[in-house]
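Computed from a prediction, not measured in an experiment: that's the story for all the values here.
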Amino acid sequence: MDSRKPDEEEEIVHDFPPFLRTYKSGRVERFMGTDIIPPSLDSKTNVQSQDVVYSRDLNLSSRLYLPKNINPDQKLPLLVYYHGGGFVIETPYSPNYHNFCNRLASQANIMIVSVDYRRAPEHHLPAAYDDSWTALKWAASHFNGNGPEEWLNCYADLGKVFLAGDSAGANIAHHMGMRYGEEKLFGINVIGIVLIHPYFWGKEPVGNEAKDSEVRLKINGIWYFACPTTSGCDDPLINPATDPKLATLGCNKVLIFVAEKDFLKDRGWFYYESLRKSGWGGSVEIIEAKEENHVFHLFNPENENAKIMVQNIVSFICQDKP
């Protein structure tokens, strides 16, 4: 017998418009990032994609992207991509991410592994970090051409690996770089990291953050919602500037994108300055898109600034091609 009160199902516990809402019953209602597009051969870019399980225990997959017309003997740089969505919404299978990866794989002539990971609140952090690392280890398992996925065996140059992500995915990409720097995952060589509008934060405002207390409270709330065990908004997971090991970031170069109208812009700049001052030996570059907002490139890919962003990512990756 159902012992719930008649109205218990609709009693709201958390409400984060326009992203999601949770109810006392445990039901999670997501308002964004729920559309899914299947893998395909994209007629516009001539990039083929497929979904491949990287964790059978958790039934988690990655979407792989491979340009169609490549030399069978050619090895391509590998980009491991982590989607955004505040750790609570979106998937690699949404039209925005699918189209972005098709475009990037085509223009850079690279292979992409776009990672699905468990989301809060069903799975609080560090689940997303753990899954993302598992996916990177899965990719590395193909180092001798004898891994479980033929595309990676045949076409991925694991000596030229890049990590990337947007928003919460950029946060994840940073932390995968940190873990790689600490553990030096056997089988791959991470050269660079691309952070698009990274979701970093902090207890004390920087730049213009103090001007809108309501937005600050919202960002604080989402972080605590995704990571209830956090030590706070100066936790190195959300504020890398507080990490005493920041200088051990495991790559040679970092490219950061920020957007002028994005409330997280100043955090991107703060990360840039913190990394430069940390003693890390690599090179870091930051590019700001004027008159743009958070992850604008996903929603308006034909925007001129979105095209410039892709061109800059392509240049960043292709600098390391022979």
Side-chain angles (χ1 to χ4, degrees), residues 14 16-23 26-68 78-106 110-125 127-132 134-136 138-139 148-149 151-152 164-173 196-197 199 222 225-226 294-303 306 310:
H14 297 98
F16 295 109
F19 307 121
L20 85 167
R21 180 182 295 150
T22 67
Y23 297 87
R27 182 166 67 94
V28 179
E29 186 178 17
R30 290 181 169 88
F31 305 114
M32 295 178 65
T34 57
D35 292 338
I36 289 176
I37 190 168
S40 64
L41 173 59
D42 184 62
S43 59
K44 293 181 180 179
T45 60
N46 207 29
V47 170
Q48 53 193 333
S49 55
Q50 63 168 322
D51 295 339
V52 179
V53 174
Y54 72 83
S55 174
R56 296 198 177 278
D57 291 343
L58 297 173
N59 192 30
L60 290 170
S61 298
S62 292
R63 178 159 292 183
L64 276 56
Y65 295 84
L66 182 69
K68 180 69 173 176
L78 178 67
L79 176 70
V80 181
Y81 194 88
Y82 303 103
H83 71 82
F87 303 105
V88 298
I89 61 169
E90 283 291 359
T91 72
Y93 320 118
S94 74
N96 288 337
Y97 284 107
H98 181 74
N99 294 333
F100 177 69
C101 287
N102 274 325
R103 189 162 57 253
L104 190 54
S106 173
I110 57 174
M111 187 173 177
I112 297 178
V113 173
S114 185
V115 179
D116 192 19
Y117 53 81
R118 290 172 294 170
R119 302 169 301 181
E122 297 92 339
H123 305 281
H124 292 115
L125 291 173
Y129 298 125
D130 293 340
D131 297 343
S132 298
T134 297
L136 192 58
W138 174 81
E149 172 46 48
W151 279 9
L152 283 164
D166 64 279
S167 195
N171 176 302
I172 292 173
I196 304 173
H197 309 161
Y199 176 26
I222 291 176
F225 177 73
H294 194 63
V295 297
F296 68 92
H297 63 291
L298 295 176
F299 300 107
N300 189 8
E302 296 306 316
N303 172 301
V310 171

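Here Arg118 pairs with Asp131 under the side-chain hydrogen bond (donor to acceptor under 3.5 Å, both in side chains) rule; sequence neighbours left out. Take Glu122 and apply the side-chain contact (heavy atoms from CB on, under 4.5 Å) test, not counting sequence neighbours, and it matches Val28, Arg30. Asp130 meets the salt bridge (Lys or Arg N to Asp or Glu O under 4.0 Å) test with no other residue; sequence neighbours excluded. When the side-chain contact (heavy atoms from CB on, under 4.5 Å) test is applied to Ser55, the partners found at least two apart in sequence or on another chain are Asp57, Leu58, Leu60, Thr134. A search for side-chain contact (heavy atoms from CB on, under 4.5 Å) contacts involving Ala170 returns Leu195, Pro198, not counting sequence neighbours. Legend: residues meeting side-chain hydrogen bond (donor to acceptor under 3.5 Å, both in side chains) with Ser61, ordered by chain and number and at least two apart, are absent. With sequence neighbours excluded, the residues that form a side-chain contact (heavy atoms from CB on, under 4.5 Å) with Leu41 are Asn46, Gln48, Lys68. Applying the ring pair (Phe, Tyr, Trp, His ring centres under 6.0 Å) rule to Phe296 yields the partners His197; only residues at least two apart in sequence or on another chain are considered. Ser167 pairs by the side-chain hydrogen bond (donor to acceptor under 3.5 Å, both in side chains) definition with His294, not counting sequence neighbours. With sequence neighbours left out, the side-chain hydrogen bond (donor to acceptor under 3.5 Å, both in side chains) criterion links Tyr81 to Asp166. By the ring pair (Phe, Tyr, Trp, His ring centres under 6.0 Å) test, Phe16 is found to be paired with Phe225, residues two or more places apart in sequence or in another chain being considered.
The six-membered or imidazole ring of His98 lies near that of Tyr65, with a centre-to-centre distance under 6.0 Å.
In this structure, the side chains of Pro121 and Leu20 come closer than 4.5 Å at one or more pairs of heavy atoms.
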Review point. Between Val295 and His297, is a side-chain contact (heavy atoms from CB on, under 4.5 Å) present by the stated rule, with each step listed?
Key: CA-CA 5 Å; Val295 297; His297 63 291; 4.0 Å; yes
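For residues 43-55, the salt bridge (charged side-chain N to carboxylate O under 4.0 Å, His left out) pairs, not counting sequence neighbours, are Asp51-Arg63.
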